[in-house]
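Report on the structure given below.
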Amino acid sequence: MVELKPVTTEELDLLMPLVREIWTEVFTPIIGSDQVDYMLANYQSKENIQEELKKGAQYLLIYHKNKPVGYTAYENKPEYLYLSKLYLHQSTRGKGLSSQVFNWYENLAKGRKLHLNVNQGNERAIAVYEHRGFEKIGERYVDIGQGFVMDDFIYEKQC
């Protein structure tokens, strides 16, 4: 059973080592270590997350057996719920934890759509999203600077 606990600025010190470890493990094979380092510094830094929290983003630590094993984040938009992040430590994958988090999100988004972006090379995540009933509705390519690009698929699910 997972427990989701809101991240406040006080818990950021608990979150940051998880972010670095998970991002490095998941994304280095997909986008390379240079882009991972760039994105950690510019999109998943403590300062960036604090700014997102101030603007209304919700970050949640995912606990399993009283230990933080991942994190998720979302933004409540008028037309949909934007699931911006869902990351679990590699030691916990395949144990049904993400299904519990998705059940929570589907309940939260009841009557609306869940919307997310996923890197086109993240085959493991894409398989999970499609298994959960998400449908690919488009693609996006975003120049994020320093010669790096985010090339994502856009997925949605009606809840």
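Quantities reported herein were computed from a predicted structural model and do not represent experimental measurements.
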Contacts under 3.5 angstrom, residues 83-94 side chains, donor-acceptor by atom type, not counting sequence neighbours:
from  : atom 1 : to    : atom 2 : distance (Å)
Ser84 : OG     : Ala73 : O      : 3.3
His89 : ND1    : Ser91 : N      : 3.1
His89 : ND1    : Ser91 : OG     : 2.8
His89 : NE2    : Glu21 : OE2    : 2.7
Thr92 : OG1    : His89 : O      : 2.8
Arg93 : NE     : Leu88 : O      : 3.0
Arg93 : NH1    : Glu25 : OE1    : 3.1
Arg93 : NH1    : Glu25 : OE2    : 3.2
Arg93 : NH2    : Glu25 : OE1    : 2.6
Arg93 : NH2    : Leu88 : O      : 2.7

Partners meeting side-chain hydrogen bond (donor to acceptor under 3.5 Å, both in side chains) with [X] (sequence neighbours left out):
X	answer
Ser98	none
Tyr38	none
Tyr74	none
Gln58	none

Please enumerate all residues that pass salt bridge (charged side-chain N to carboxylate O under 4.0 Å, His left out) together with [X], with sequence neighbours excluded.
X	value
Lys77	Glu75
Arg112	none
Lys95	none
Lys136	none

* To do: Only counting residues at least two apart or in another chain, list the ones meeting ring-ring contact (aromatic ring centres under 6.0 Å, His included) with Phe153.
  =>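 Not a single residue meets the ring-ring contact (aromatic ring centres under 6.0 Å, His included) criterion with Phe153.
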
Side-chain atoms of residues 142-151: list all donor-acceptor pairs with protein atoms under 3.5 Å, sequence neighbours left out, distances to 0.1 Å.
from   : atom 1 : to     : atom 2 : distance (Å)
Asp143 : OD1    : Gly145 : N      : 2.8

* Residue pairs passing the salt bridge (Lys or Arg N to Asp or Glu O under 4.0 Å) test where at least one lies in residues 36-48, sequence neighbours excluded -> Asp13-Lys46

* To do: May I have the step-by-step check of side chain to side chain donor-acceptor pair (under 3.5 Å) for Glu135 and Tyr155, ending in yes or no?
  => CA-CA 5 Å; Glu135 295 180 8; Tyr155 276 82; over 6 Å; no

